[in-house]
Structure formats: C-alpha cells, structure tokens
Chemist: 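Structure below; questions to follow.
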Amino acid sequence: MTQHASPPLDSADTVAPAGRTPAWRGLWARADVRTLSLLGVLAALVVIGGVTRPDEFLDTRNLQLVLTQASVIGVVTVGMTFVITSGGIDLSVGAIVALASVWATTVATQEYGFGGILFTAVLVGLGCGLVNGLLIAYGGMVPFIATLAMLASARGLALQITDGRTQIVTVDGILSLGERDSYVLGIPPLVLVFALVTVLGWLVLNRTTFGRRTVAVGGNAEAARLAGIDVRRQRLYLYLLSGLCCGIAAFLLIVLSGSGQNTNGNLYELDAIAAAIIGGTLLSGGRGTITGSVLGVLIFTTITNIFALNNLQSDVQQIAKGAIIVAAVLVQRRTASTT
C-alpha cells in the first residue's frame with residue numbers, strides 16, 4: 001500500500017504536544033502581563049497624584065501638560081526602541097534634539113517660516129542619524145562609542161551656533177500651535193503627533209518586513225545575515241529612523257518652548273533608554289515593544305509631574321527613577337531565565 005508523506009507544517013501551524021502550551025501563547029501571555037503591570041503602575045501613580053494633589057493633578061490643564069511633555073521624549077523613545085531592539089544603542093539622541101532645535105531656530109532659518117523650521121529640524125536629525133549609521137554599520141564602530149562621539153560633537157556644535165544664548169522663535173505659525181486655540185477636541189497638537197508616531201512605529205515594528213528584520217538582527221545578527229538580511233543596511237536604516245524621530249521631537253520642543261537652546265534634550269538619552277527598558281524592550285536586543293515604551297514614558301512623566309506638584313527635590317525623583325529601572329532590569333533577567 002502506497003504511503004503518502006504528510007506536508008511539512010509551517011511554524012505558525014505547528015501543533016504543540018498534548019498538555020504543552022505553544023510557545024507563542026507563552027510569549028503573548030508574558031507580553032500581556034507586562035502591559036497590564038505597566039498599566040497598573042500608571043493607574044497607581046494617578047491615584048497617588050489624585051490623593052496628594054487632587055485639585056491640581058486632576059485638573060484638565062495639568063493632564064494636558066503631562067501628555068504634552070510626554071510627547072517630546074515619547075517620539076524619541078519610539079526611535080530608541082527600534083535601535084535597542086536591533087541590539088544597538090543611541091546615546092546621542094538628546095544632543096541631536098538640541099542641535100536640531102537650535103539649527104532650526106536661527107534667524108536665517110526662521111526667515112523661511114514654518115516649513116523652513118520643520119524641514120531643518122528633520123533634516124538635521126536625519127543627517128546625524130546618517131553619520132551614526134555609517135560609522136556603526138559600515139565603519140565597524142561600536143554603537144556606544146560612535147553615538148557617544150556624536151553626543152559630544154552635536155552638543156558642541158549646538159553651543160557654537162547659539163553662543164550660549166536662547167534663540168527666540170518669532171514665527172506665528174509655530175507659536176500658535178502651542179496655544180489652546182489650536183487644541184483638537186481638547187487634545188494638544190503635540191499629543192496628536194506623538195499618537196501618530198506611536199501608531200506608525202507599532203505598525204512598522206509588528207506588521208512589516210522591516211520590523212521582523214529588526215528583531216532578527218537583534219536576536220542573532222549572524223543568523224540574520226545567513227538568512228539573507230543585509231544587516232549593515234538594516235542598521236543604517238535604524239539609526240536614520242532614530243535621527244528622524246529626534247528631528248520631529250526637536251520641532252515639537254520648539255513649539256512647546258517657543259525657542260531653541262543648546263541645553264535642550266538634556267538626559268533624553270537616559271530617559272528614552274529607561275522608558276524602553278521598563279516597557280519590556282530587551283537591552284540585549286531581539287525583543288521590542290512600542291506599547292510598553294510609551295507606557296514607560298507616561299510613567300516617568302507622571303512621576304516627574306507628581307514630584308513637581310508636591311515640591312519634592314529632584315534628587316529624590318532621580319532616585320525613584322533609578323529604583324524603577326533596576327526593578328525593570330531584574331524582572332527582565334528573571335523572565336529571560338525562564339524562557
């Protein structure tokens with residue numbers, strides 16, 4: 001009697017042995033638990049803020065302020081999430097934001113109006129990302145060293161452009177975006193931009209070939225290369241994406257502050273990395289979550305707001321952030337060891 005070989009099962013269709021949970025269900029469960037945990041922490045912070053300063057914290061203007069402040073660092077964090085997922089790091093994001101903001105607010109640039117400021121901020125961000133990507137992907141430099149060099153260079157150039165002075169924006173189209181008349185259904189325009197970047201980032205990371213390649217490179221670069229992925233080109237694109245996010249964030253910061261300063265973006269790199277880590281993105285690469293990163297940003301921004309409303313010193317705030325980062329890393333290590 002002729003025997004017919006059954007067709008091979010695709011990895012997505014593989015049936016787990018009886019009594020054994022499929023691997024994808026375990027990953028989904030862990031991701032869901034992380035998200036719920038972050039939502040629980042954020043809800044607890046809202047309760048704390050509402051109890052300690054009910055009239056101030058729960059005020060609509062204050063909540064709008066929290067979301068607006070989260071928008072700038074949030075856009076940076078989306079780009080950082082992609083870089084960390086690929087196994088890289090970008091220490092220059094804060095300096096790139098500063099450089100893009102001051103370059104876009106010079107007198108010469110402001111003569112071109114709204115479009116000139118936006119175009120310059122994005123172009124400077126992309127330019128810095130291109131340099132980082134070329135040094136790392138094709139120059140063979142370690143991401144830590146390359147982006148550290150960019151941090152120093154961008155900060156120095158930003159200081160040289162401004163000569164240490166604040167550059168005031170005089171373009172009405174920019175200033176009007178920061179006014180309440182520009183809010184859409186009570187939502188500031190900066191928050192809408194942040195929401196759009198978040199949605200696009202989630203779709204790219206989770207629903208496109210680019211996102212799958214990013215995860216593959218972070219998981220095992222050599223295996224990704226053998227699978228036909230151009231690892232160097234992928235890394236170049238990722239640092240370009242990070243630079244683009246920095247350029248967008250610089251523009252949002254210009255709208256928020258109405259000026260350009262060489263001190264803009266101070267410690268953004270630490271905040272973005274911390275938000276991504278506590279959100280569930282592995283620092284070693286191979287796993288990233290845009291949703292978790294955004295929740296991480298909201299948690300840190302809410303903590304900052306609560307501390308400010310309660311007139312607590314900034315050093316206590318930094319200690320609290322440090323404790324949260326340590327706890328998140330310990331949870332990651334425990335999760336990795338049980339995988």
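Atom set for the values below is all heavy atoms of this structure, side chains included, hydrogens, waters and symmetry mates excluded.
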Chemist: Using modelled atom types only, decide if a donor and an acceptor are shared between the side chain of S71 and the backbone of L67 within a distance under 3.5 Å.
Modeler: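 Yes, S71 side chain to L67 backbone: donor-acceptor pair under 3.5 Å.
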
Chemist: How about I278 and F300: do any of their side-chain heavy atoms sit closer than 4.5 Å?
Modeler: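 Yes, close enough: below the 4.5 Å cut-off.
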
Chemist: Should T147 and D90 be marked as a side-chain hydrogen bond (donor to acceptor under 3.5 Å, both in side chains) after you check the CA-CA gap, both sets of side-chain angles, and the distance that decides it?
Modeler: CA-CA 6 Å; T147 57; D90 192 348; 4.5 Å; no

Chemist: Going through the distances and angles, do S182 and S176 end up as a side-chain hydrogen bond (donor to acceptor under 3.5 Å, both in side chains)?
Modeler: CA-CA 7 Å; S182 64; S176 62; over 6 Å; no

Chemist: Report yes if the side chains of M150 and V131 come closer than 4.5 Å at any heavy-atom pair, otherwise no.
Modeler: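 Result yes, sub-4.5 Å side-chain heavy-atom pair found.
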
Chemist: Determine whether a donor-acceptor pair (N or O, by modelled atom type, separation under 3.5 Å) exists between the side chain of T289 and the backbone of G292.
Modeler: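 At least one qualifying donor-acceptor pair exists.
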
Chemist: Distance check, rounded to the nearest 0.5 Å: L282 atom CG versus I84 atom CD1?
Modeler: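 One finds 10.0 Å between CG of L282 and CD1 of I84.
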
Chemist: Taking the side chain as every heavy atom from C-beta outward, state whether N262 and R155 have any pair of such atoms under 4.5 Å apart.
Modeler: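 No - every pair of side-chain heavy atoms lies 4.5 Å or more apart.
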
Chemist: Looking at R165 and D163, is there a salt bridge between them, counting it only when a charged N and a carboxylate O are closer than 4.0 Å?
Modeler: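 Yes.
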
Chemist: Does the side chain of Q234 reach to within under 4.5 Å of the side chain of F210, using non-hydrogen atoms?
Modeler: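 Yes, at least one pair of side-chain atoms sits under 4.5 Å.
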
Chemist: Measure the spacing between CG of N132 and CG of L151 and express it to the nearest 0.5 Å.
Modeler: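 It comes to 10.0 Å.
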
Chemist: Keeping the roles fixed (side chain from R53, backbone from L309), state whether a donor-acceptor pair exists under 3.5 Å.
Modeler: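 Yes, the answer is positive, given that a donor and an acceptor are paired below the 3.5 Å cut-off.
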
Chemist: After noting the C-alpha distance and the side-chain angles of T301 and T304, does the key distance pass the side-chain hydrogen bond (donor to acceptor under 3.5 Å, both in side chains) rule?
Modeler: CA-CA 5 Å; T301 307; T304 301; over 6 Å; no

Chemist: Any side-chain heavy-atom pair from L253 and Y268 closer than 4.5 angstrom?
Modeler: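 SC-SC contact between L253 and Y268 confirmed.
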
Chemist: Could you walk me through whether L236 and Y138 pass side chain to side chain contact (heavy atoms under 4.5 Å, CB included), step by step?
Modeler: CA-CA 8 Å; L236 173 62; Y138 294 95; 3.9 Å; yes

Chemist: Quick check: does any side chain N or O of E269 sit under 3.5 Å from a backbone N or O of I89, one acting as donor and the other as acceptor?
Modeler: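 Not confirmed, E269 side chain does not pair with I89 backbone.
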
Chemist: I'd like to know if the side chain of Q110 and the backbone of I168 have a donor-acceptor N/O pair within less than 3.5 Å.
Modeler: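 Pair found, side chain donor or acceptor close to backbone of I168.
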
Chemist: Looking at every non-hydrogen atom in both residues, tell me the closest pair between G279 and L38 and how far apart they are.
Modeler: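 That would be CA-CD1, 3.7 Å.
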
Chemist: If we only count heavy atoms from C-beta on, is the L244 to L240 side-chain gap below 4.5 Å?
Modeler: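 Contact flag for L244/L240 side chains = no.
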
Chemist: Using modelled atom types and a 3.5 Å cut-off, is there a donor and acceptor pairing between side-chain atoms of D59 and backbone atoms of D55?
Modeler: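 Between the backbone of D55 and the side chain of D59 there is no qualifying donor-acceptor contact (under 3.5 Å).
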
Chemist: Could you tell me the separation between the CG atom of L58 and the CG atom of N62, rounded to the nearest 0.5 Å?
Modeler: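 Rounded to the nearest 0.5 Å, the CG-CG separation comes to 8.5 Å.
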
Chemist: Can you tell if the side chain of L241 reaches within under 4.5 Å of the side chain of V204, non-hydrogen atoms only?
Modeler: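 In short, these two side chains do not touch, never coming nearer than 4.5 Å.
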
Chemist: If you round to the nearest 0.5 Å, how far is OG of S101 from CD of Q167?
Modeler: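 Output value for this atom pair is 8.0 Å.
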
Chemist: Linking I/L/V/M/F/W/Y whenever their side-chain heavy atoms sit closer than 4.5 Å, directly or via other members, would V78 and L192 fall into one cluster?
Modeler: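 Both belong to a single hydrophobic cluster.
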
Chemist: If every non-hydrogen atom of A154 is compared with every non-hydrogen atom of I96, which pair is closest and at what distance?
Modeler: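 Nearest pair, atom of A154 first, then I96: CB-N, 4.3 Å.
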
Chemist: Could you check whether the rings of F114 and F251 sit parallel, tilted or perpendicular, using 30° and 60° as the cut-offs?
Modeler: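 Perpendicular, since the angle between the ring planes exceeds 60°.
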
